**Q** 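I'd like to ask some things about the structure below.
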Amino acid sequence: MLALTLSGVEVRFPGLDSPALRISELTLPAGGRMSVSGPSGSGKSTLVNVITGLERPTSGQVIWNGTDIAALSEAARDSWRGANIGLVMQDFHLFPGLSALDNVLLPARLARVADRAMVARAGELLAEVGLTRPGQGVETMSRGEMQRVAVARALLRRPGVIVADEPTASLDAANGAAIGALLIGLAEETGATLIVVSHDPGLIARLPRRLTLAGGLVQHNEEAA
Amino acid sequence: MLRFILADLGRMKAGAVVVILLVALAVALGTSVTLQERALRLGSARAADKFDLVIGAPGSETQLVLSTVFLQPAALPLLAGDVLADLQHDPRVAWAAPVGFGDFYRGHPVIGTTTQLVTETTTGFAEGAIFAAEGEAVVGAMVGLAVGDRITPTHGEIGHGHDDVQYRVTGRLHPTGTPWDRAILVPIQAVWHVHGMDTGHDHDEDHAHDHAGDGHEAGHADEDHDHDEDHGGFDAERPLDEHWHEGEIPGVPAILVKPATIADAYKLRQDYRGNEATQAVFPAEVLTSLYGTLGDARQVLAAIAGAAQALVAMALLLLVMSHIGQRRRQIGALRALGAPRGSIFALVWTELFALIACGVLLGLVGGYLAAQMLSAEIARRQGFALPVEFSGSDVAGLAVLLVISALLAMLPAWTAYRQSPVASLRG
């Protein structure tokens, strides 16, 4: 539900001549679905870091619905990210020793926003992603199941944006396809803006907007027919 | 959050246990040194509690105290018996009683004294009653004898036996927590007679050796002297006579004096210190000067314990910092998922502080138990109670220790707080 506008964004790292990322103008409407692809080192991770507020660009604006998160303090970005971004990562980052339900609730609990309603929602979300045992310890789950837990966790606080960084890369084809479908289905259902970094042609094909990066620059930016 | 911490600790059980044990060991070391030193001080102060003023022949003050209060065997020079008579008639004296050593029964000192000393310095009888005749004895709580038992003392711990002398146990005292619990108490006149010293009451007896008041040593170390005395004066049935008259009293190694007032105590010490025939000491004062020396030893031990604690703290910090490094990804992921930095700080801090606090408490218990065991062992051997007690200063010490650990735990927490979530994820 959030619209993204990047303008004049440049990320430079000390000791490197060329910027890791340079995007003079990029927009994605609220509820848009975009894939980001490109070879490694092309700036995909940097783009994810910048649009989620994990990293501040060297210069430029990162505007989500009027808020320039590049101008926020680190603590403010943390809190903004927690409230607005649902993040799904390649290697899940689940915490062993906790149940699926506790994993889904952990970031909300650490941010002290988990109330009774949220606990109930966590249970519903787990059911929605196809897990029937919320009390199961995550260390006993298959990789496909783990990523489902991670998807449920990303959606818990009804984020306006879902950002998935290679969500299917560490899964087999069948599980990858299922997770891809799940992400797109949930984004459609909630109306969330969806940004997926992926190499997976099957997943890319299902997203209307395609951004391709190379050497930190936008190579293709096209809307599929 | 608590569940997350528990799950986290559960995943690194071995490390957590090592941290707790390290801390516990260091704390236990410091605790036991402190407690044991205090126990020694309290214990000996209690042992000396009833001994207000001790008068003996000139010699080592420390030895006089160690021999009378702690019953440490030593050859003490004898004091002229008339001193005892003088003291008994002195208005500044509440009571005065002789203490005569030299004989033993199976490692237990046999002490000659008076009924008054027994009554005044003990808390009464667990069984039986006080001696009423020359051949009767009262045993301390830690002597393995029963009322009715008969014993024959030896002169010195491994000396010759006084074969024709026999005491019958008539009473058993309540424990006093002092070395006197290991003693066998007999009438002083029995000791005199066993050693052939003339008390002036038995003029009908023919004494080959008249030792009265001649400075002859009652200690056990004088094995070279001629022991052909006939124990002739000893008569197990003779009734007690504790009223002595000047000129009729044999020598004694020490006299315990209970002054009437504190002022009298100082006057008496002045009087009996100022001449060539006697010395007078306050055992408490002698012990205080001994503690001075002991205090230095304690400081050395405390410094060693402190250094061990600092060493453990450094090792711990090293361990935890490298551990935080290993957890960069996890911490970064939590941040990326929207956990605020404050929570990360609290998480790392709580985890570490919980471990340290566990270790500190375990160490306190461990140190306490170690001190208890040591005290029990000393009590078993020396018969003198070393009370292991916590005091107010320990609470302050504990608070300081916990505050330091809390501050220490902040360092890795701060490192985690400062970590950039991006760098963490890439790592």
Side-chain angles (χ1 to χ4, degrees), chain A residues 11 13 20 45-50 52-57 73-99 101-114 137-139 150 153-157 159 161 163 165-166, chain B residues 1-17 19-20 323-355 409-410 412-427:
Chain A
V11 179
F13 293 120
S45 297
T46 307
L47 179 63
V48 167
N49 291 341
V50 165
T52 55
L54 282 169
E55 192 168 352
R56 203 198 291 261
S73 71
E74 188 150 3
R77 274 184 281 137
D78 275 356
S79 119
W80 177 88
R81 182 171 55 250
N84 294 289
I85 302 267
L87 199 57
V88 177
M89 289 165 282
Q90 178 177 345
D91 34 8
F92 327 137
H93 283 295
L94 299 177
F95 298 94
L98 293 179
S99 69
L101 188 72
D102 285 335
N103 260 288
V104 169
L105 286 164
L106 182 62
R109 281 183 172 150
L110 288 177
R112 304 183 188 287
V113 295
V138 289
E139 63 279 3
R153 178 178 60 190
L155 284 156
L156 181 67
R157 294 175 69 183
V161 188
V163 177
D165 189 2
E166 299 280 10
Chain B
M1 177 127 153
L2 195 66
R3 221 176 311 178
F4 179 63
I5 289 172
L6 288 179
D8 216 39
L9 291 178
R11 267 189 302 122
M12 31 181 212
K13 252 180 230 132
V17 167
V19 167
I20 290 178
H323 175 68
I324 292 292
Q326 283 164 14
R327 289 177 67 186
R328 285 162 71 92
R329 281 173 61 74
Q330 189 201 31
I331 290 166
L334 282 172
R335 286 282 302 282
L337 293 168
R341 298 163 96 185
S343 296
I344 303 290
F345 182 90
L347 212 79
V348 173
W349 184 86
T350 311
E351 237 177 72
L352 188 57
F353 184 67
L355 287 185
M410 279 179 142
W414 177 245
T415 310
Y417 178 87
R418 288 281 306 270
Q419 268 177 21
S420 149
V422 181
S424 317
L425 280 176
R426 275 199 204 117

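Proteins get letters first, then strands, A, B, ... in listed order; numbering begins at 1 in each. It should be emphasised that the depicted structure is a prediction, and the values quoted were computed from it without experimental measurement.
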**Q** Check ring pair (Phe, Tyr, Trp, His ring centres under 6.0 Å) between B:Phe345 and all other residues, then give those that pass, not counting sequence neighbours.
**A**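 Result, ring pair (Phe, Tyr, Trp, His ring centres under 6.0 Å) vs B:Phe345: none returned.
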
**Q** Which heavy-atom pair separates A:Leu54 from B:Ala336 by the least distance, and what is that distance?
**A** CD2-CA, 3.7 Å

**Q** With sequence neighbours excluded, what pairs up with B:Thr415 under the side chain to side chain donor-acceptor pair (under 3.5 Å) test?
**A**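 Counting only residues at least two positions away or on another chain, B:Thr415 forms no side chain to side chain donor-acceptor pair (under 3.5 Å).
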
**Q** Quick one: what part of A:Asn84 sits under 4.5 Å from any heavy atom of chain B, side chain, backbone, both or neither?
**A**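 Neither the backbone nor the side chain of A:Asn84 comes within 4.5 Å of chain B.
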
**Q** Which residues pass the salt bridge (Lys or Arg N to Asp or Glu O under 4.0 Å) test with A:Asp102, not counting sequence neighbours?
**A**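 For A:Asp102 the salt bridge (Lys or Arg N to Asp or Glu O under 4.0 Å) partners, ignoring immediate neighbours, are A:Arg109, B:Arg3.
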
**Q** Residue by residue, which of residues 75-83 of chain A have a heavy atom closer than 4.5 Å to a heavy atom belonging to chain B?
**A** A:Asp78, A:Arg81, A:Gly82

**Q** Nearest heavy-atom pair of A:Ala111 and B:Ser343: which atoms, and what distance?
**A** N-OG, 4.5 Å

**Q** Flag the pair A:Glu74 and B:Arg418 as a salt bridge only when some basic side-chain nitrogen lies within less than 4.0 angstrom of an acidic carboxylate oxygen.
**A** no

**Q** side-chain contact (heavy atoms from CB on, under 4.5 Å), that's the test. Do B:Leu334 and A:Leu106 meet it? Break it down for me.
**A** CA-CA 9 Å; B:Leu334 282 172; A:Leu106 182 62; 3.7 Å; yes

**Q** I need the minimum non-hydrogen distance between B:Leu337 and A:Leu87, along with the two atoms involved.
**A**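 In terms of heavy atoms, the two residues are closest at CD2-O, 3.8 Å.
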
